[in-house]
Amino acid sequence: MSIILPRDDGRCGWFKLLNTARPSRQIHGKQKADMVIVGSGFVGLAAARAYAELRPDHRVILLEALKVGQGASGRNSGFLIDLPHKRDLEFGSLDRKQKIYRLNLEAIADLKKSVHQHGINCGWEEAGKYQVAVGDRGIGFLRNYATLLDNFDYPYQLIEGDPLSEALGTRYYSQAIYTDKCVLVQPAALVNGLADTLPANVELYEEHPVLDIKKQAAQFSVRTQDAVFSTPKVILATNIFAKEFGYLRSRMIPTMTYASMTRPLTAEEMMVFRHEKSWGATPADHGGTTLRLTQDRRLVIRNRYQFVPRYHDNLDARRAVRQGHLDGLQARYPQFDNLTLEYTWGGACALSRNYQAFFGELAPNLLFSGIHQSVGATRGSITGKLLAQLALGQDSESLAHMLEISQTPAVNPPEPFLSMGVKTRMAYARYESASEL
């Protein structure tokens with residue numbers, strides 16, 4: 001039976017702006033490896049680096065169906081968030097939230113070390129982020145967010161009026177909470193920089209999609225079109241595509257989120273931003289709009305979700321998404337004449353009904369981390385590192401914390417009830433959050 005493979009639609013602004021010319025290496029025939037990692041997003045890259053550093057004498061194979069940065073890790077909004085995000089901050093014990101926070105900080109510290117050590121040009125900026133509210137609904141969410149931060153003993157600033165409009169260049173938002181430890185990056189540049197600086201014992205093969213994984217005695221057989229790898233251990237860093245290999249099929253909800261990127265703003269247009277520096281804003285209402293001003297003076301807007309059972313969408317249907325993004329920007333910045341969007345793209349991710357991610361073994365010596373609820377940059381980075389430790393039987397406080405906080409994604413209802421339920425829930429969420437878009 002053929003599997004559905006990742007494919008690049010050629011629309012992602014982050015990737016299109018890269019100046020990368022790394023050729024795809026070729027490999028053929030029967031091969032032996034000590035570890036095979038499938039997928040080179042945040043999870044796969046972190047796992048490859050950590051495993052190779054722990055076992056420099058081992059041969060580590062990293063297989064990627066596309067080019068690095070064309071998948072979900074290069075399509076996100078580029079926020080490395082330190083706080084437990086969304087549902088993780090809203091639910092669970094204080095102890096669990098503190099463990100997530102420490103793990104996120106470790107992920108950011110690891111990424112910062114790599115960026116600085118290797119001179120990775122990814123627009124790394126410790127800019128913090130704004131949690132923004134438009135109207136009464138958003139303000140209600142923002143008050144709840146403030147209460148959660150108070151309970152967490154986390155410092156923040158409540159900003160409104162002129163200081164807020166000067167920071168974001170618009171009076172569209174009524175209030176915001178600013179926290180200062182979030183990092184902003186160009187995500188496709190970051191993952192490409194991480195790929196370019198992997199340890200010498202990691203062999204990265206791009207445009208080598210895995211077609212089959214089988215267990216034969218104590219060895220796995222990992223097959224691509226041109227090669228078969230025999231290995232005792234496999235890390236699946238494939239997120240939603242793990243379903244294609246038969247794992248967690250009934251526990252993932254494949255979802256696509258959408259973003260658009262403008263042309264560079266002119267010097268005159270940049271004058272509306274009093275501080276004239278890049279920033280990032282996420283919505284207080286989960287169904288609202290994420291917004292960024294990048295270092296190269298572009299606005300990036302993200303909202304709208306779609307259920308994509310086969311992981312890909314209809315490109316023609318993006319016209320409405322693109323127009324919605326343009327309308328949203330014009331509502332925020334009516335003074336910008338002839339504002340145009342250069343890129344509109346979608347990114348497939350995995351959600352679960354109970355908002356839980358997965359970390360650990362799917363089978364003996366077959367490990368996976370995924371279903372990160374659309375916040376995979378920091379969680380993917382830390383779980384990739386810890387999967388390498390788990391594969392090697394290592395112990396660490398961070399691994400113990402990750403195992404402690406990890407739960408099981410809920411089982412989905414069967415089709416057609418899943419599709420009906422998800423589409424209805426998404427439509428209702430769009431209706432509820434309309435005033436915050």
Side-chain angles (χ1 to χ4, degrees), residues 77 79-110 126-161 163-164 167-168 173-184 279-291 351-359 371-383 386 397-410 429 432-433 435-436:
S77 295
F79 289 74
L80 304 180
I81 298 174
D82 60 311
L83 277 162
H85 198 48
K86 297 184 178 180
R87 311 292 178 176
D88 278 335
L89 187 61
E90 294 170 351
F91 302 110
S93 68
L94 179 60
D95 180 67
R96 183 176 189 272
K97 295 173 187 177
Q98 289 171 335
K99 287 181 170 63
I100 293 172
Y101 176 60
R102 288 195 290 269
L103 289 166
N104 288 346
L105 288 179
E106 182 176 340
I108 293 172
D110 288 344
E126 296 171 14
K129 74 176 181 69
Y130 297 87
Q131 195 93 338
V132 292
V134 178
D136 291 342
R137 177 179 169 84
I139 290 173
F141 278 98
L142 207 61
R143 287 174 182 156
N144 183 58
Y145 182 57
T147 299
L148 293 169
L149 294 179
D150 288 336
N151 293 339
F152 200 66
D153 197 24
Y154 189 97
Y156 63 90
Q157 295 175 263
L158 178 64
I159 305 175
E160 55 189 344
L164 181 58
L168 305 185
Y173 297 106
S174 54
Q175 287 185 355
I177 284 177
Y178 174 77
T179 54
D180 65 0
K181 293 184 177 63
C182 177
V183 177
L184 301 178
W279 47 263
T282 56
D285 179 350
H286 299 332
T289 295
T290 296
L291 193 65
L351 306 180
S352 65
R353 290 176 58 234
N354 60 346
Y355 309 108
Q356 296 300 321
F358 184 95
F359 173 86
I371 323 179
H372 293 146
Q373 319 302 315
S374 299
V375 288
T378 46
R379 185 173 178 93
S381 296
I382 188 62
T383 56
L386 298 178
E397 182 180 49
S398 295
L399 178 56
H401 286 169
M402 181 58 70
L403 291 169
E404 183 180 338
I405 67 170
S406 297
Q407 300 178 28
T408 303
E432 279 191 310
S433 303
S435 61
E436 292 296 310

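For the single chain, residues carry numbers from 1 onward in sequence order. This is a predicted model, so every value here is computed, not measured. Atoms considered below: every heavy atom in the structure, side chains included; atoms not considered: hydrogens, waters and symmetry mates.
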query: Are any non-hydrogen side-chain atoms of Ser352 and Gln373 less than 4.5 angstrom apart?
result: yes

- request: Check whether any side-chain heavy atom of Thr378 sits under 4.5 Å from a side-chain heavy atom of Ile108, and report yes or no.
  value: yes

- request: Name all pairs fulfilling the salt bridge (charged side-chain N to carboxylate O under 4.0 Å, His left out) condition that reach into residues 398-409, sequence neighbours left out, sorted by first residue then second.
  value: Lys99-Glu404

- prompt: Looking at side-chain heavy atoms only, is the closest gap between Gln407 and Arg96 below 4.5 Å?
  reply: yes

- request: Just grab all the ring-ring contact (aromatic ring centres under 6.0 Å, His included) pairs involving residues 126-152, residues at least two apart or on different chains.
  value: Tyr101-Phe152, Tyr130-Tyr178

field: With Ser381 via side-chain hydrogen bond (donor to acceptor under 3.5 Å, both in side chains) - residues at least two apart
entry: none

- request: Without swapping roles, check the side chain of Asn354 against the backbone of Ala410 for a donor-acceptor pair under 3.5 Å.
  value: yes

statement: In this structure, CG of Leu164 is separated from CD of Gln175 (nearest 0.5 Å) by 9.0 Å

message: To check you understand the geometry: which heavy-atom pair defines the closest contact between Pro155 and Lys181, and what is its length?
response: CG-NZ, 4.5 Å

- prompt: Which heavy-atom pair separates Pro283 from Thr290 by the least distance, and what is that distance?
  reply: CD-OG1, 3.5 Å

- line: side-chain hydrogen bond (donor to acceptor under 3.5 Å, both in side chains) filter on Asp150, not counting sequence neighbours, yields Tyr156

- line: Looking only at heavy atoms, the pair that brings Pro84 and Leu89 closest together is O-CB, 3.2 Å

- line: Tightest non-hydrogen contact, residues Asp285 and Ser433, listed as OD2-OG, 2.9 Å

- line: Sorted by chain and residue number, the side chain to side chain contact (heavy atoms under 4.5 Å, CB included) partners of Glu126 (sequence neighbours excluded) come out as Lys112, Trp124, Val183

statement: When rounded to the nearest 0.5 Å, the distance separating CD1 of Ile100 from CG of Asp82 is 12.5 Å

- prompt: Would you say the side chain of Ser435 lies within less than 4.5 Å of the side chain of Val134, judging by non-hydrogen atoms?
  reply: no

Those residues that, when tested against Arg143, pass side-chain hydrogen bond (donor to acceptor under 3.5 Å, both in side chains) (two or more places apart): none

query: Side chains of Met402 and Leu103: closer than 4.5 Å at any heavy-atom pair?
result: yes

task: Any chance you could measure Asn104, atom CG, to Arg102, atom CZ, to the nearest 0.5 Å?
output: 11.5 Å

query: What closest approach, in Å, do Ala133 and Ile139 show between heavy atoms, and which atom pair accounts for it?
result: CB-N, 3.5 Å

Derivation of the side-chain contact (heavy atoms from CB on, under 4.5 Å) call for Val132 and Leu168: CA-CA 10 Å; Val132 292; Leu168 305 185; 4.0 Å; yes

message: Any non-hydrogen side-chain atom of Gln356 less than 4.5 Å from a side-chain atom of Thr408?
response: no

- prompt: Can you list the steps and then say if Gln131 with Thr179 is a side-chain contact (heavy atoms from CB on, under 4.5 Å)?
  reply: CA-CA 8 Å; Gln131 195 93 338; Thr179 54; over 6 Å; no

Cation-aromatic face contact Lys97/Tyr154, 6.0 Å, 45 degrees: no

message: Any donor-acceptor pair under 3.5 Å linking the side-chain atoms of Glu436 with those of Thr289?
response: no

message: Any heavy-atom pair between the side chains of Ile177 and Leu142 that's under 4.5 Å?
response: yes

- prompt: Less than 4.5 Å apart, any side-chain heavy atom of Leu80 and any of Cys182?
  reply: no

message: How close do Thr383 and Phe359 get, counting heavy atoms only, and between which atoms?
response: O-CE1, 3.6 Å

Separation between CG of Asn144 and CG of Leu149, rounded to the nearest 0.5 Å: 9.5 Å

- prompt: Does the side chain of Glu90 pick up a donor-acceptor pair with the side chain of His286 at under 3.5 Å?
  reply: yes

